[in-house]
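Letters go in sequence order (proteins before strands), and every chain restarts at 1.
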Amino acid sequence: MGPENAMTATTTTAQHTVLVSAPDFDPSAVFENGQCFRWERQPDGVWAGIAHGRRLRLRKDGEDLLLIGASIDEMDTLWRRYFDLDRDYTAIRTAFLQDTPLARAVAFAPGLRLLRQEPWETLCSFILSQNNNIPRIKGIIDRLCTAFGTPIPGGGFTFPLPEALAGLSVEELAPVRCGFRAKYVLDAARKVVDGTVQLEQLSAMPLDDARAALQTIHGVGPKVADCALLFGCGRLDCFPVDVWVRRILAAYYPNGFPEALRPLGGIAQQFLFHYERCHAASSK
DNA sequence: TACCAGGGCCTTT
DNA sequence: AAAGGCCATGGT
């Protein structure tokens, strides 16, 4: 871990708030760059989300990240990993400075980071994300969780396990209103439940084997597979190519993405994607 | 190979 | 208010 951004200082305040130093964690960049769908900014600036079957609220106070409603134990066993707090992003950003487009993207949003999300939720979410826009994706996932997840004390629902979906029919999924994606979600759930696709193995398999395994699911192509591997299995060398990224590659990397940065290609892609989307004509 | 369905949100007109 | 663009995958 990097010395100067080591996030080891952890203290507790009243009502189970855990405080951790995280100078390069920018919630709006982290939660609004398309990698996750269950985090929302509340009017008071606090971010509320559900992951690992738990509700969590969070806010940034200067360089400190405050996890509201978390215990020290949860911090160490769950959230430190989920928020990727032990990765040396200072070193990563430094490596990116050698590349002009990346240096610009890093300067624009230095607090952008990857979350380490759960494999099934990530796979299922990105199946639902295909040919779709973010507001609608969030609505679909919300309805899926409400209909088939488990209630969480204090409000909200867990993301439904594959076991909760595998036995359903397309008709039973109708209230979720995910259209033609319903049959894709059901095929994914069934293949995970019957062991055809072993999610826990995907983080260690040769990358092409992992991609091929995911793409045996009806409705999972190269883009969805790479999103599931990058965001849900920690495969940082995965580089999901959508329309935006295709545009970026054509515009800035006519000779291909630098070989030396390939092992961190997924993180690079997030910086480039975030910069480009925030500078698109329609978002000005 | 090229094209198109699907559906809801968005921007532009 | 209405029209048109967008989008990942599978099917034709």
Side-chain angles (χ1 to χ4, degrees), chain A residues 28 31-41 114 117 119-148 159 162 165-166 168-192 196-197 199 202 207-233 235 237-252 257 265-266 268-270 272-284:
Chain A
S28 68
F31 297 133
E32 292 179 332
N33 75 127
Q35 68 176 316
C36 59
F37 304 102
R38 300 201 77 194
W39 286 92
E40 294 291 344
R41 185 207 292 267
L114 253 64
Q117 301 180 73
W120 164 250
E121 174 174 338
T122 308
L123 171 61
C124 193
S125 295
F126 279 92
I127 288 173
L128 293 167
S129 82
Q130 68 183 79
N131 200 340
N132 213 342
N133 56 68
I134 289 175
R136 184 173 174 225
I137 298 163
K138 286 181 172 177
I140 288 172
I141 290 174
D142 193 56
R143 291 188 290 275
L144 180 76
C145 294
T146 302
F148 303 110
F159 196 94
L165 302 177
L168 300 177
S169 64
V170 168
E171 291 73 24
E172 287 171 302
L173 229 54
V176 175
R177 303 198 336 251
C178 61
F180 59 88
R181 303 164 193 84
K183 55 185 181 294
Y184 301 161
V185 166
L186 296 180
D187 191 52
R190 287 164 190 157
K191 286 195 163 83
V192 168
T196 305
V197 173
L199 293 177
L202 296 178
L207 190 53
D208 285 342
D209 294 352
R211 286 181 168 130
L214 283 173
Q215 289 178 197
T216 64
I217 298 167
H218 196 67
V220 176
K223 197 269 185 175
V224 171
D226 271 18
C227 284
L229 289 167
L230 173 61
F231 301 126
C233 302
R235 301 301 296 251
D237 47 349
C238 263
F239 203 112
V241 177
D242 65 0
V243 167
W244 288 87
V245 173
R246 194 176 307 281
R247 236 176 265 152
I248 290 166
L249 289 174
Y252 304 129
F257 189 74
Q269 180 258 14
Q270 280 305 101
L272 295 166
F273 181 81
H274 185 66
Y275 178 89
E276 201 68 15
R277 290 215 335 169
C278 290
H279 290 79
S282 60
S283 67
K284 277 180 190 160

Query raised in the report: Should the pair R190(A)-D187(A) be classified as a salt bridge under the 4.0 Å nitrogen-to-oxygen rule?
Result: no
Query raised in the report: Do K138(A) and E40(A) meet the salt-bridge criterion of a basic N to acidic O distance under 4.0 Å?
Result: yes
Report summary line: With B for base contact, S for sugar-phosphate-only contact and - for none (protein heavy atoms under 4.0 Å), nucleotides 5-12 of chain C reads --BBSSS-
Query - Interatomic distance where CD1 belongs to I137(A) and P belongs to dG7(B) [whole Å] - result: 16 Å
Query raised in the report: Taking the inter-plane angle between the rings of H218(A) and Y184(A) on a 0 to 90° scale, is it parallel (under 30°), tilted (30 to 60°) or perpendicular (over 60°)?
Result: perpendicular
**Report entry** Separation between the P atoms of dC4(B) and dG4(C), rounded to whole Å
**Finding:** 16 Å
Query raised in the report: Does R235(A) use its side chain to pair, donor to acceptor, with the backbone of L202(A) at less than 3.5 Å?
Result: yes
Requested in this report: Using the P atom as the reference point in each nucleotide, state the distance between dC3(B) and dG5(C) in Å, no decimals.
Outcome: 16 Å
Query raised in the report: Can you name the residues that form a side-chain contact (heavy atoms from CB on, under 4.5 Å) with A268(A), not counting sequence neighbours?
Result: F96(A), L102(A), F257(A)
